[in-house]
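Reviewing the structure listed below.
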There are 2 protein chains.
Amino acid sequence: MSQMMQNVERQLREMILALEIGPGERLTERWIEGRFGASRTPVRAALLRLETEGLVGRDGRGWTVSPINLAELEQIAVYREAVEVAALRLTCGQADKSAIDVIEAMLDSCDENTPREEWHRVGMDFHIELARLSGNEFLFRAVRDAMTRLSRARWLEVRDETALGRAWLEHRAILAATRLAQADEAARLLSAHIVGSRDRLVTSLANDRRGLRARGFAVVAA
Amino acid sequence: MSQMMQNVERQLREMILALEIGPGERLTERWIEGRFGASRTPVRAALLRLETEGLVGRDGRGWTVSPINLAELEQIAVYREAVEVAALRLTCGQADKSAIDVIEAMLDSCDENTPREEWHRVGMDFHIELARLSGNEFLFRAVRDAMTRLSRARWLEVRDETALGRAWLEHRAILAATRLAQADEAARLLSAHIVGSRDRLVTSLANDRRGLRARGFAVVAA
DNA sequence: GATACCATTTTGGGATACCAACCTGGTATC
DNA sequence: GATACCAGGTTGGTATCCCAAAATGGTATC
């Protein structure tokens, strides 16, 4: 795998995740080609990869950036609950809990001066890194992929300070239970956290749907 | 997506799954090109897709058919246990249980005259179709992908009649509990089935490892 | 003014040409 | 005989060309 190919893929993914290309927008291979100064071969490789990540999809013969799909977000929440809880239970059964400190430090790195974008990223990485601790590559990838699919929606969500603070408290509670190897308690907290996040997310987007569409973002109802 | 591209992908996948190309074997884009009468563009697309399915991988600059990896098989079992149980619990909560009859009919379609290959296929489809009933696209895909990754290994497994019969009994017991909406019981049966299958599979392959390597199949130890 | 129709352009899929890196095999040197 | 080295072939990565199909836009017809 070459440099150019990885670059096109990475840059295009970042543009999509950062909503610089809006959900539902059409993509032409020729536009990408010109935008990144690559030829069509790496462009097509990047599109194929991003398709499996769910970030772009086919629209007849062409390509579109995947719209935000509320029904899909709900299904992803169920999916990630299954895999994240499984991963967390594995982690609870491990002797060495020192890696948890690293994750706690991630949470500590955010304070009131931290830019909103960073909170967003750390909030996702918390779940990804927590899943990595399980040592199971497939559970880890599943969580990472799910978070990627949720990423744009979470960025669009209007979250007030209290919701953000509550999420952080929940994260810490999950870590505390995991550190004590209280698998059932940790699993219960994580499930509740995921379900709560999903509800707030879907509610927020459904309420904002009109505004989002006005900004040119395709949002499919649940 | 065109005809040629899908065909190359489908045919190559079938050759790999049928072990017509052995685990660990090197692949060159030019060989595939000639073998299927396609040019490198669809070949490349097929390889990229199969890479995400875990059937082929990179070997430095080139491509190889993924070896059978016993450690990976164990991890996949944990992964599929999480997603299959989650899917089954969803299905148990549904009112309409008529779709279960279709799956039961799949099992009925196999008898002592059925070729081994068909037993193999139905054994996988049972789990895939059961997951589909959950209605959750992501759980379904996760199960389907996991079964794809397990497929070659299960084909190599030396299974005696009793093991095969036991698997069928377990499948029927799972369906019965699901039909009665006994979620906990169904989940327990499914978990036990998956763990048992994994143990038999890994044990069988580990015992046969020498013979498999002699046949030219790369088998990585756990 | 609406609509059916046709020429033009655009687009993605496929094929091919080219290149740089890498492997390979043979040869020259010690 | 061992080894260093070089030439030729092979391979994946990239760029580019061609094509059929689909979209587009303008025009003629009613």
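Computed from a prediction, not measured in an experiment: that's the story for all the values here. Quick note on labels: first sequence line is chain A, next is B, and so on, each numbered from 1.
- Following rounding to the nearest Å, F36(B) (CZ) and dA15(C) (P) show an atom-to-atom distance of 14 Å.
- Of the listed nucleotides (dT11(D), dA15(D), dG12(C)), dA15(D) has the atom at the smallest distance from the side chain of A38(A).
- Nearest to the side-chain atoms of T41(B) among the listed nucleotides dT16(C), dC17(D), dT11(C) stands dT16(C).
- In this structure, R49(B) places its CZ atom 13 Å from C1' of dG13(C), rounding to the nearest Å.
- Contacts of L47(B) with the nucleic acid, taken as non-hydrogen atoms under 4.0 Å apart, are absent.
- Summarising the geometry, the separation between CD on E29(A) and P on dA15(D) is reported as 14 Å, rounded to the nearest angstrom.
- Rounded to an integer number of Å, the gap from CG of D59(B) to C1' of dC22(C) is 13 Å.
- Look at CZ on R30(A): it is 10 Å from C1' on dG13(C), rounded to the nearest Å.
- With respect to E129(B) and R132(B), a salt bridge is recorded, a charged nitrogen being found less than 4.0 Å from a carboxylate O.
- Remark: dC30(D) base-pairs with dG1(C). Criterion, Watson-Crick or G-U wobble with two distances under 3.5 Å.
- When the P atom of dG13(C) is taken as reference, atom CD of E9(B) falls 13 Å away, rounded to whole Å.
- Nucleotide dT10(D) forms a pair with dA21(C), judged by Watson-Crick or G-U wobble geometry with both contacts under 3.5 Å.
- Aromatic ring orientation, H171(B) versus F126(B): parallel (interplanar angle below 30°, classes split at 30° and 60°).
- In the set dA21(C), dC18(C), dG12(C), the nucleotide with an atom closest to the side chain of R61(B) is dA21(C).
- Counting only distance, with no hydrogens or angles, the side chain of R80(B) and the backbone of M147(B) share no donor-acceptor pair below 3.5 Å.
- Of all nucleotides listed (dC18(C), dG12(C), dT16(D)), dT16(D) comes nearest to the side chain of S39(A).
- Ion pair R121(A)/E117(A) not flagged as a salt bridge, since none of the NZ, NE, NH1 or NH2 atoms sits closer than 4.0 Å to an Asp/Glu carboxylate oxygen.
- I32(A) has its CD1 atom 14 Å from the P atom of dA15(D), to the nearest Å.
- In this structure, the CZ atom of R40(B) is 11 Å from the C1' atom of dC18(C), given to the nearest Å.
- Ring geometry, H193(A) versus H127(A): the interplanar angle falls under 30°, so the pair is classed parallel (tilted spans 30 to 60°).
- Between dG13(D) and R58(B), a contact under 4.0 Å exists linking OP1 or OP2 to a side-chain N or O.
- Residue side chain R44(A) does not reach the base of dG12(C) through any donor-acceptor N/O pair under 3.5 Å, judged by distance alone.
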